[in-house]
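Values reported hereafter were calculated over all heavy atoms of this structure, with side chains retained and with hydrogens, waters and symmetry mates removed.
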Amino acid sequence: MTVTVRAPAKINLHLGVGAVREDGFHPLDTVYQAVSLYDDVSVSDSAVWSVEVEPVGDVDVAGVPLDESNIAIRAGRLLAEHHGVARRARISIAKGIPVAGGMAGGSADAAATLVALDRLWDLQTSDDDLLGLAAELGSDVPFALIGGTARGTGRGELVDPVEDVGTWWWVVVPDADGLATLSVYRAFDELAGSDVGPTPAAPDLLLAALAVADQDAFAAALRNDLAAPALMLRPDLRATATDVVAAGARTALLSGSGPTFLGLAADQEQALRVRGTLIDDGHRALVATGPVAGAHVVRYA
Ligand code: ATP
């Protein structure tokens, strides 16, 4: 039997970052939104753990490890250990989420693998346990399970759904060269110095805009504290942001730790127009909408 689970990419509508903690993590106050770029993860029983990755469209999968360091295998092992079962699986990933782009594709795969193996092996893991295992795997993994729009605190792993009555349209502009999340946080520490306090900025204005789908207030409230450090490491990305706005987007927002840029569009039509202009300019560009569902089964076969 094969179970296929689909998990979405995430973007951060607000990413407030506080001073680095003693354990090396940064406290976050973030608002995630799940958007319509997906990885589909299929699992079936096997004598050994294995993972294979197929690109969807022109996603570059060269940076995805195919050994035990792949987060999907780590997720599978963790779930098996948690239940004390000695089972293994073959994992196939159809990857539609840009790799190392700040859209948490690896986290989506981890979340999808947890749900898929839970179903394949009929483990009936409780939601609380699933969220706990997800948090062990990475700060963004619990959100990939719940999807929608949610506030993340702690290091991003404590997730609470928030009211979001809008349908938001994004033009997603991936970059050919990935940006390592760790190096962006190091640059943040360097830039912030002693000016940043332990409490990250709260998303109050954004939450108010989401609750009534106020486009102007929403556009004005988007915030990413990792934008300055990411642009310090990659000054060339400023040109991408300029192109996104010149192509007609309302505003440009760096996705998480980058290098992917997001253009906010008023509706689907405008998003498609902006995408066309950016492609004519020589960029890769995709259209995505949010919020969408978290990891969910799409096929039993
Ligand atoms: P982060 O979640 O750290 O913000 P990201 O969203 O920028 O990361 P990902 O696509 O999740 O980027 O990948 C980050 C790195 O994780 C990759 O460069 C790759 O080395 C490693 N990795 C491990 N497993 C996977 C996986 N299943 N898919 C993608 N990358 C993976």
Side-chain angles (χ1 to χ4, degrees), residues 3-15 28-43 56 71-72 74-76 78-79 82 91-99 101-121 123-170 172 203 206-207 210-211 255-256 260 262 286 288-300:
V3 179
T4 302
V5 170
R6 176 165 295 172
K10 64 86 186 160
I11 61 176
N12 302 80
L13 306 176
H14 170 99
L15 183 47
L28 301 184
D29 197 341
T30 189
V31 177
Y32 298 107
Q33 185 172 81
V35 298
S36 61
L37 299 178
Y38 302 99
D39 282 0
D40 280 358
V41 176
S42 300
V43 297
V56 174
I71 193 167
R74 293 203 284 118
L78 188 66
L79 185 73
H82 176 77
I91 303 169
S92 303
I93 303 171
K95 188 164 270 297
I97 304 175
V99 176
M103 301 194 82
S107 302
D109 297 345
T113 304
L114 288 176
V115 173
L117 289 177
D118 180 68
R119 299 298 184 278
L120 181 74
W121 296 337
L123 297 169
Q124 304 190 17
T125 317
S126 70
D127 287 354
D128 277 355
D129 281 2
L130 221 46
L131 285 167
L133 295 171
E136 274 185 52
L137 289 160
S139 304
D140 296 335
V141 184
F143 175 69
L145 286 174
I146 72 163
T149 305
R151 186 170 182 176
T153 52
R155 52 183 168 82
E157 87 285 17
L158 305 171
V159 280
D160 278 309
V162 300
E163 187 178 19
D164 179 359
V165 300
T167 298
W168 308 97
W169 287 92
W170 302 97
V172 178
L206 178 77
L207 295 179
L210 287 168
S255 182
T260 305
L262 306 161
L286 307 154
T289 189
V292 297
H296 56 284
V297 175
V298 287
R299 202 165 64 102
Y300 287 95

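- Side-chain polar atoms of Asp40 and Thr4 form no donor-acceptor pair below 3.5 angstrom.
- Counting only heavy atoms from C-beta outward, the side chains of Arg119 and Val43 never approach each other to under 4.5 Å.
- Proximity of Ser255 to Val172: side-chain heavy atoms (C-beta onward) are nowhere separated by under 4.5 Å.
- Across Val115 and Ala295, no two heavy atoms sit closer than the pair CG2-CB, 4.1 Å.
- The closest side-chain heavy-atom distance from Leu210 to Glu163 is not below 4.5 Å.
- In this structure the side chain of Pro203 reaches within 4.5 angstrom of the side chain of Arg151, judged on heavy atoms.
- By the 4.5 Å heavy-atom criterion applied to side chains, Tyr32 and Asp140 are counted as neighbours.
- Across every non-hydrogen atom of Ile97 and Gly105, the tightest pair is CG2-CA, 3.7 Å.
- Counting heavy atoms from C-beta outward, Tyr38 and Val292 have side chains that approach closer than 4.5 Å.
- Side-chain N or O atoms of His296 include one that pairs as donor or acceptor with a backbone N or O of Gly294 at under 3.5 Å.
- Judged by distance alone, the side chain of Asp39 and the main-chain N or O of Gly96 form a donor-acceptor pair under 3.5 Å.
- Proximity of Leu137 to Leu114: side-chain heavy atoms (C-beta onward) are separated by under 4.5 Å at one or more points.
- Separation of atoms CH2 (Trp170) and CG (Leu37) is listed at 12.5 Å; rounding is to 0.5 Å.
- No donor-acceptor distance shorter than 3.5 angstrom exists from the side chain of Thr260 to the backbone of Gly102, with no hydrogens or angles considered.
- Of the listed residues (Arg74, Arg6, Lys95), just one forms a salt bridge (charged side-chain N to carboxylate O under 4.0 Å, His left out) with Asp109, and that residue is Lys95.
- A donor-acceptor distance shorter than 3.5 angstrom exists from the side chain of Ser139 to the backbone of Arg155, with no hydrogens or angles considered.
- Here the side chain of Asp118 pairs a donor or acceptor atom with the backbone of Thr125 at under 3.5 angstrom.
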